[in-house]
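Throughout, a chain's letter reflects where its sequence line sits, starting with A, and its residues are numbered from 1.
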Amino acid sequence: MLVIENCRLTWPDFAADYSLSVKAGSLCAVIGPSGGGKTTLLHMIAGFETPEDGTLAFNGQDLMPLEPAKRPMAIVFQDHNLFPHLSVAQNVGLGLRPSLRLTADEKHLIAEMLDSVGLHGFASRKPGEMSGGQRQRVALARALVSGRPLILLDEPFSSLDPGLRRDMILLADKLRRKRSVTMLMTIHTPEDVADVADQMVFVADGKVVASGPPAAVLNSSLAPRIAAAVSDS
Amino acid sequence: MTIRLPHPGSLVAFAILGLVAGGFIALATFDGGTPPLLSIGPYLGRVLAFSVIQAALSTVLSLVLGIGLALALARRRFPGRDIVLATLGTTMVMPTIVAVFAVFAVYGRSGWLAEALAFLGWEEGFSIFGYPGILIAHVFLNAPFVARITLDGLNQVPAEHWRLAATFGFTPVQVFRHLDWPVLRAELPGIAGLIYLMCFKSFAIVLALGGGPSRSTLEVAIYEALKIDLDFGRVAWLALIQLAICLSMTGLLHWAFTRPPVGHTIRALVRRPDAKARSLKIADALMLAIGVLFIGPLALSVLTGLRNMVDVLGADLLEAFATSLAIATLAASVACLLAVALASAARRRRIAMRSPRVAALYDFLPDTLLAVPPFALTAGLFLMIQRFADPSAAGLILLPLINGLAAVPFAYRYVAPRLLTVEERYGRVAASLGITGWAKLTIMDWPALKRPLAAGFALAMALSFGDFGIIALFGGTELTTLPYLLYERLGAYRLDEASAIGLFIVLVAFVLAHLSGRMSHAGD
């Protein structure tokens, strides 16, 4: 269980105060207007932003004092996930060993992971030679290969075509179930995840405004605000 | 039947090639032709060896200091960081002759260092002439350039990569390997090549600080052959060799390094995970201390001119200022006109006529102007027009022309990419509406071109205003620019007056360069 209680962050022009809990092994979709604090929420969980007070814990472990590298978490961004000078296999390998001194077992694991995201035979390619969708598959593979139980996805598939976006969400969801990891995903298009997400969270003005099953959130009195947020982006 | 006029850009290209070729022919055929190359062999060998070695040392030292500073500045936030950055920016546009003054003021016979040492009881004295002075001046001018370009490059690293580095727990070595090194590897060959080229053809610094006939670059050798010996044949040989070497270097540079170092993005500040490593804290502190101790006094020495400002304000200063400004304005106009003509010809070849190879030649032409020795070109053109004009009038024609040609590559970098973007965006619409020629230039191109052109104009003015090049040939009581005035005062060891003139030049050059920077970034 991911538990966030009254985590406050303040900037001169923005303030956030998050409270949220997410069941272990579930897929939680975070929606809301741009500039409302979705990404900040993920950055806080990852450790890029430090709340002034509050509680942040995962499966009973307090995350607050931990460096990003020590947190049980991996992250996938919308863009720039891969280092262009490294091959696909090396980029995935970073999730296991930043030194890239990989054992034979680890190399085998990387190959397996690439297979499972549909990138068989891509190991030695460079990111520059791949499509946007393929690059996000590599990023997903790296997040999963690390074996960390919590995966944060920040608009992971927003720059892809609608059809491909849906395919990628289904792939991410399949792998989540198979490896029983917890996923937190910010997304612009709630309809893409409505049927696969266990939980949907509406974040606006730095606060969690609503949280619950997707159908409940989408059909609540927030529906007009959600529609406005979607068309806005 | 219609007669198709050639594109203005083609005319400009042929005119430039014609001028250069004409100048060389005039040199080579003057007064019974050129002597055999062997007759200047040993002298040439010494000059070449000195040019190569000092340029190599200058480049290596500039890169080490510049990259060290860039990494330290990228990793650290400290009070005064903005001042360091501003100083680096100012030093980048500092004219070479002002750098010469700074070296005299800090390291000269009665400079700050000598005074400090004398105060401590060390009266030996030391000479800055030769390698020390030249290297100090070159590194002072170029290390800040390396630091700024590298820092801009490091700032282009996406914020996501820094966050990933934090989640992977990269060590400082891994941060360097995966985040800093790819940037350095992409930028370094181009920067190193450019600095090497600039130091190889260095003139004012080597002329003032060389301190001996064998301590000269080819550029200085050409100047001396002209000014002292009036040996046009030797000038022709030296110029040909200089042209051949610099042309091959610019060729290499042009094709190895196509991305122009213009513009920089400002990204959200991201904490670098390696900032906490203790060894790097020590290394960065050391690097910053070295940088501040080396660049600081040299940059500050120019500011001492403030207290002598009133003393030098006289008729000769104002006249020199007016002449410099007029030459700079004309030179910038020449540079911008040629740049626009060449860039639009390159664009037409690339897009409308689908011949990227010819377009690439147009793109290369401005860079080749960096390789043409200005003194030889000046001498050749002077020989061509001397029948029609007396020397000071010839100077008034040649100074803006030569300075303008030298600034074309810089103006071109502002103009050419923008012209291409406009064509890609609106070219089809314009074509479908039948907007061509002059109408296309005024309706489609001009609105987009205004700002980059103004930026290029201001930069060309800044370069020309501070230039101490061929004015060394024409300068005198008849024709004086501010840099020439500064050179005269330095020669007479009147450092107080020199400091005030130096400050004046830097202020004008800095304002122009600042304007240029503002205009190139605004409205994007």
Side-chain angles (χ1 to χ4, degrees), chain A residues 11 13-14 39-40 42-50 63 66-87 90-101 126-128 135-136 138-139 142-143 145-148 150-156 159, chain B residues 67 70-71 74-75 77 82 150 152-191 256-259 264-281:
Chain A
W11 289 269
D13 53 346
F14 186 72
T39 295
T40 306
L42 261 60
H43 283 186
M44 183 190 76
I45 301 169
F48 307 140
E49 306 288 353
T50 315
L63 300 186
L66 299 179
E67 296 279 301
K70 300 275 187 283
R71 299 192 180 196
M73 154 289 316
I75 190 161
V76 175
F77 298 105
Q78 178 176 351
D79 211 347
H80 303 301
N81 281 294
L82 307 183
F83 293 99
H85 62 289
L86 298 179
S87 71
Q90 285 174 314
N91 264 295
V92 176
L94 285 176
L96 285 169
R97 257 177 219 277
S99 67
L100 289 179
R101 280 191 280 271
K126 288 279 172 69
R135 286 201 288 263
Q136 292 307 79
V138 178
R142 180 174 62 203
V145 85
S146 65
R148 300 190 184 191
L150 174 61
I151 295 184
L152 308 174
L153 303 113
D154 190 8
E155 304 280 357
S159 41
Chain B
I67 293 170
L71 285 170
R75 282 192 282 255
R77 298 287 176 275
D82 289 344
T150 311
D152 285 347
L154 292 175
N155 283 340
Q156 307 272 0
V157 172
E160 286 90 340
H161 284 190
W162 289 112
R163 301 202 171 102
L164 287 171
T167 64
F168 297 149
F170 273 177
T171 63
V173 173
Q174 287 157 359
V175 165
F176 182 79
R177 177 175 157 202
H178 295 307
L179 290 121
D180 297 327
W181 176 241
V183 173
L184 295 180
R185 199 180 48 183
E187 307 261 8
L188 276 192
I191 304 177
F257 186 65
T258 42
R259 194 161 64 84
H264 44 115
T265 53
I266 296 150
R267 289 187 170 271
L269 289 179
V270 181
R271 272 174 291 170
R272 288 179 56 123
D274 57 346
K276 273 176 267 166
R278 202 145 63 100
S279 55
L280 284 184
K281 275 185 186 168

> Which residues satisfy the side chain to side chain donor-acceptor pair (under 3.5 Å) test with A:E155, sequence neighbours excluded?
Replying inline: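 Here the qualifying residues are A:S158.
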Can you tell me which portion of [X] sits under 4.5 Å from chain B's heavy atoms? Options are side chain, backbone, both or neither.
{"X": "A:L82", "result": "backbone"}
{"X": "A:R148", "result": "side chain"}
{"X": "A:S99", "result": "both"}

> What distance do A:F48 atom CZ and B:T167 atom OG1 have between them, rounded to the nearest 0.5 Å?
Replying inline: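 Nearest 0.5 Å value for the CZ-OG1 distance: 5.5 Å.
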> CG/A:L94 to CD/B:Q174 distance, rounded to the nearest 0.5 angstrom?
Replying inline: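 Between atom CG of A:L94 and atom CD of B:Q174 there are 8.0 Å.
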Does the side chain of [X] reach to within under 4.5 Å of the side chain of [Y], using non-hydrogen atoms?
{"X": "A:D154", "Y": "B:R163", "value": "no"}
{"X": "A:R142", "Y": "B:F168", "value": "yes"}
{"X": "A:Q78", "Y": "B:E160", "value": "no"}

>> Less than 4.5 Å to any heavy atom of chain A: does that hold for the side chain of B:R177, its backbone, both, or neither?
In response: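 Both the backbone and the side chain of B:R177 come within 4.5 Å of chain A.
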>> Checking A:P84 now: which residues fulfil side-chain contact (heavy atoms from CB on, under 4.5 Å) with it, not counting sequence neighbours?
In response: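 Expected list: B:H161.
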> So, for B:A166 and A:P68, which heavy atoms are closest and what is the spacing to 0.1 Å?
Replying inline: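 In terms of heavy atoms, the two residues are closest at O-CB, 3.6 Å.
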